[in-house]
Amino acid sequence: MEPKERIAQLMQLLDEANHQYYVLDDPRMPDYEYDRLLRELEELERQYPQYASPLSPTQRVGGKALEQFEEVTHAVPLESLQDVFSPEELREFVLKTEEGVTEAVFCVEPKVDGLSVALEYIDGKFFRGATRGDGRVGEDVTENLKTIRSIPMVLEGAPRRLIVRGEVYMSKKTFEKLNAQREEQGKPLFANPRNAAAGSLRQLDPKIAAQRQLDILVFNLQLAEGKSFSTHGETLDYLRSLRFPVIPHVLCRDAGQVWDAVVQIDADRYALPYDIDGAVIKLDSLADRTILGSTAKFPRWAAAYKYPPEIKSTVVRDIVVQVGRTGVLTPKAVVEPVRLAGTTVTNATLHNQDFIVQKDIRIGDTVRIRKAGEIIPEILEVEFDKRPEGAVAYHLPDKCPMCGADVVRDDDGAFLRCTGASCPAQLARNIAHFVSRDAMDIEGLGSSIVEGLIKLGHLSSPADIYYLTQEDIQGLWKSGTTAAKKLLSAIEASKGQDLGRLIYGLGIRQVGAKAGKALASAFGTMDALMSASLEDLTALPDIGEITARNILEWFSQSQSQTLIGRLREAGVNFTSTQEITDTRFAGKTFVLTGALTRFTRDEATAQIERFGGKAAGSVSKKTSFVVAGENAGSKLKKANELGIPVLTEEEFLQMIQE
Ligand code: AMP
């Protein structure tokens with residue numbers, strides 16, 4: 001077979017397999033076979049790029065990232081729907097609609113909670129897809145839509161131009177997986193599948209959109225050039241024949257049947273793989289739709305019935321606190337198991353202390369609970385009349401339940417955060433930060449290696465990195481000793497990194513790479529920084545009061561002191577090696593004498609030199625200053641004799657920090 005023909009054949013076979021898998025939920029082709037054919041197609045497309053189609057199944061993993069989305073004016077506007085909230089309002093809508101037409105048939109469909117898009121096909125090929133936007137103008141998200149496997153790229157026997165409307169959603173399962181993953185990575189969670197779907201579809205990078213595994217249900221034929229249909233139901237059947245994933249629908253002949261269908265969808269909703277927030281009731285006859293027309297906002301021939309969220313009562317058995325990877329303490333209510341929105345709920349998040357105080361939730365309370373976005377259990381309110389006697393107000397602990405370090409209020413005031421430099425809950429993240437490129441820049445300590453070392457018990461604080469032995473690490477790679485040696489030498493080399501990087505690597509809240517540098521160049525040594533006061537810190541242009549307090553709080557923790565001590569012992573550089581343009585000590589000679597408490601001799605010398613001064617070993621007439629520590633002896637005496645100014649260690653520190 002000619003390459004061109006084989007490419008066309010493979011595209012068709014793979015499209016068919018995609019349709020069976022993603023639309024019909026009835027996979028026929030074994031995964032192995034699918035992968036083999038896909039690889040063959042990829043190979044042929046590489047060899048014969050002139051035959052490669054942008055609509056090929058190989059192109060559905062996400063192409064190049066965009067700078068921005070282009071605007072698209074919808075050929076047929078994407079209208080909104082009028083809402084009805086009660087059975088009475090629904091009945092009224094049905095009766096009013098029946099009045100306007102001779103014989104009314106209604107279509108009832110689930111209202112998928114995602115976001116609306118229009119898909120446009122030209123000559124049977126997927127041409128463009130856009131979000132709803134304001135209904136008239138939306139954003140071109142074609143590349144992201146291509147990654148949704150259930151959307152056909154090629155339509156057999158379609159008219160020249162065809163536009164369909166559908167709802168892009170994220171399945172409940174994918175949503176839960178995504179949030180679990182984000183929690184693991186310390187990223188903010190999506191509140192519900194709709195937000196997650198919206199965030200994913202509006203990604204400029206289609207590769208990210210592809211990972212999010214979005215799906216779609218098509219619910220309206222917007223335009224099909226040269227085709228005519230008499231009912232909505234017919235258009236849905238037609239779309240199904242074109243291999244679109246189509247919304248399920250039931251036909252009803254009166255208000256009673258409509259109500260039954262709405263109730264049935266509600267009863268089945270939790271078993272659906274996607275979230276719904278209501279049912280849509282539409283007039284089936286397309287001619288009658290035209291007669292009724294639209295108001296400025298929505299069509300008169302359709303309405304959305306919104307289901308009230310399911311609410312149950314249960315009892316708070318306990319309140320437990322979890323420490324996340326970012327150190328945030330999250331309280332959780334452990335509740336008496338209760339069946340809610342399709343699953344058994346055993347706990348509900350309490351968010352933070354303010355939430356607990358605001359709702360006055362106590363252990364033993366009976367609470368009303370529902371699922372936010374139909375997924376995440378949430379306490380609405382306490383039934384105070386059922387409060388048991390003796391129930392006491394709950395306060396989050398002021399020590400971290402994982403490591404015992406102090407807990408501080410986060411900068412935005414809502415969250416409590418553990419300050420432990422070696423808190424096991426935050427360890428992997430802290431270490432990843434410590435070795436990251438802008439910090440100590442240790443190549444080869446990727447997250448899986450770090451996790452492995454933590455599991456083996458070789459890492460319980462960032463300082464442990466400098467105590468790793470070849471034996472500890474070589475089992476982690478297939479290539480064993482070579483990789484281990486390389487890593488050890490990268491670790492060794494990192495000991496000489498500038499102080500600014502080390503300060504940043506400590507992971508003090510709000511101390512970024514820039515602040516790390518500024519602190520290093522202002523204080524010169526780790527010890528000078530450690531003894532800095534609030535005023536010393538806030539005197540720096542880059543350091544605000546909150547950051548300054550974070551720094552003081554961090555250094556005051558015993559875990560931090562231990563960490564610093566072990567880094568020092570390992571020989572990690574504690575002095576700033578940054579280029580300094582400040583030459584305040586130019587032409588000045590210093591002599592150090594006695595025991596200094598804030599600096600080692602080398603560090604003090606380094607400080608003098610970085611400001612352009614000289615450090616000398618003995619006092620002479622040329623000496624500008626003598627820095628006298630405790631128990632200073634003959635050098636101090638000589639300085640006094642020669643009338644040379646003598647500085648205390650404190651005064652010397654001030655000269656450096658000024
Ligand atoms: P609302 O956003 O509350 O005005 O509801 C209208 C939206 O419901 C539309 O923009 C669609 O995105 C969405 N929708 C979900 N499922 C359906 C459906 N079966 N028929 C019509 N609209 C639907």
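For reference, positions follow the sequence shown, starting with 1. Read the numbers this way: they start at 1 and go in the same order the structure lists the ligands and their atoms.
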J.: Give me the residue, atom name and distance of the protein heavy atom closest to atom 20 (N) of ligand 1.
T.: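 For atom 20 (N) of ligand 1, the nearest protein heavy atom is K282 NZ, 2.9 Å.
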
J.: Which protein heavy atom lies closest to atom 9 (C) of ligand 1, and at what distance to 0.1 Å?
T.: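 Answer for atom 9 (C) of ligand 1: R165 NH2, 3.3 Å.
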
J.: Is the backbone N or O of I276 less than 3.5 Å from a side-chain atom of R269, with the two atoms forming a donor-acceptor pair by type?
T.: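 Judged by distance alone, yes, a pair lies under 3.5 Å.
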
J.: Taking the six-membered ring for Trp and the single ring otherwise, decide whether the centroids of F190 and F175 are under 6.0 Å apart.
T.: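 No, the ring centres sit 6.0 Å or more apart.
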
J.: Mind checking whether P110 has a heavy atom under 4.0 Å from ligand 1?
T.: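 In this structure, P110 qualifies as a contact of ligand 1 - some heavy atom is under 4.0 Å.
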
J.: Can you pull out the closest protein heavy atom to atom 16 (N) of ligand 1? Residue, atom name and distance to 0.1 Å, please.
T.: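 In this structure, atom 16 (N) of ligand 1 has V112 N, 3.1 Å as its nearest protein heavy atom.
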
J.: What do you reckon, does I247 have a nitrogen or oxygen under 3.5 Å from a nitrogen or oxygen of ligand 1?
T.: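 N/O-N/O distance below 3.5 Å does not exist for this pair.
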
J.: Taking atom 19 (N) of ligand 1 as the point of reference, which of E109, H232, E79 owns the nearest heavy atom?
T.: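 Closest candidate by heavy-atom distance is E109.
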
J.: Please check: side-chain N/O of Q211 versus main-chain N/O of V61, any donor-acceptor pairing under 3.5 Å?
T.: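 No: the side chain of Q211 does not pair with the backbone of V61.
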
J.: What is the nearest protein non-hydrogen atom to atom 4 (O) of ligand 1, stated with its residue, atom name and distance?
T.: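 Result: S80 OG, 2.8 Å.
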
J.: Please report the closest heavy-atom contact between S116 and F219, naming both atoms and the distance.
T.: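 Answer, listing the atom of S116 first, then F219: OG-CZ, 3.9 Å.
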
J.: At less than 4.0 angstrom from any non-hydrogen atom of S116, what atoms of ligand 1 do you find?
T.: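 So the answer, numbered in order with elements, is 10 (O), 11 (C), 12 (O).
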
J.: Which of the numbered atoms in ligand 1 are under 4.0 angstrom from any heavy atom belonging to K306?
T.: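 Once the distances to K306 are compared, the set is 3 (O).
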
J.: Among all protein heavy atoms in this structure, tell me which lies nearest to atom 1 (P) of ligand 1, with the distance rounded to 0.1 Å.
T.: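 The protein heavy atom lying closest is K111 NZ, 3.9 Å.
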
J.: Classify the side-chain pair T343/K371 by whether it contains a donor and acceptor separated by less than 3.5 Å.
T.: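 Checked: T343/K371 side chains pair up, N/O donor to acceptor below 3.5 Å.
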
J.: For atom 12 (O) of ligand 1, which protein heavy atom lies nearest, and how many Å away is it?
T.: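 I find the closest protein heavy atom is E167 OE1, 2.4 Å.
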
J.: Can you name the residues that form a ring pair (Phe, Tyr, Trp, His ring centres under 6.0 Å) with H351, not counting sequence neighbours?
T.: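 Expected list: F355.
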
J.: Please state whether the rings of H249 and H232 are parallel, tilted or perpendicular, taking 30° and 60° as the class boundaries.
T.: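 H249 and H232: perpendicular rings.
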
J.: Partners of Y21 by ring pair (Phe, Tyr, Trp, His ring centres under 6.0 Å), sequence neighbours excluded?
T.: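 Not a single residue meets the ring pair (Phe, Tyr, Trp, His ring centres under 6.0 Å) criterion with Y21.
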
J.: Check each heavy atom of V280 against ligand 1 and say whether those closer than 4.0 Å belong to the side chain, the backbone, both or neither.
T.: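 The answer is the side chain.
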
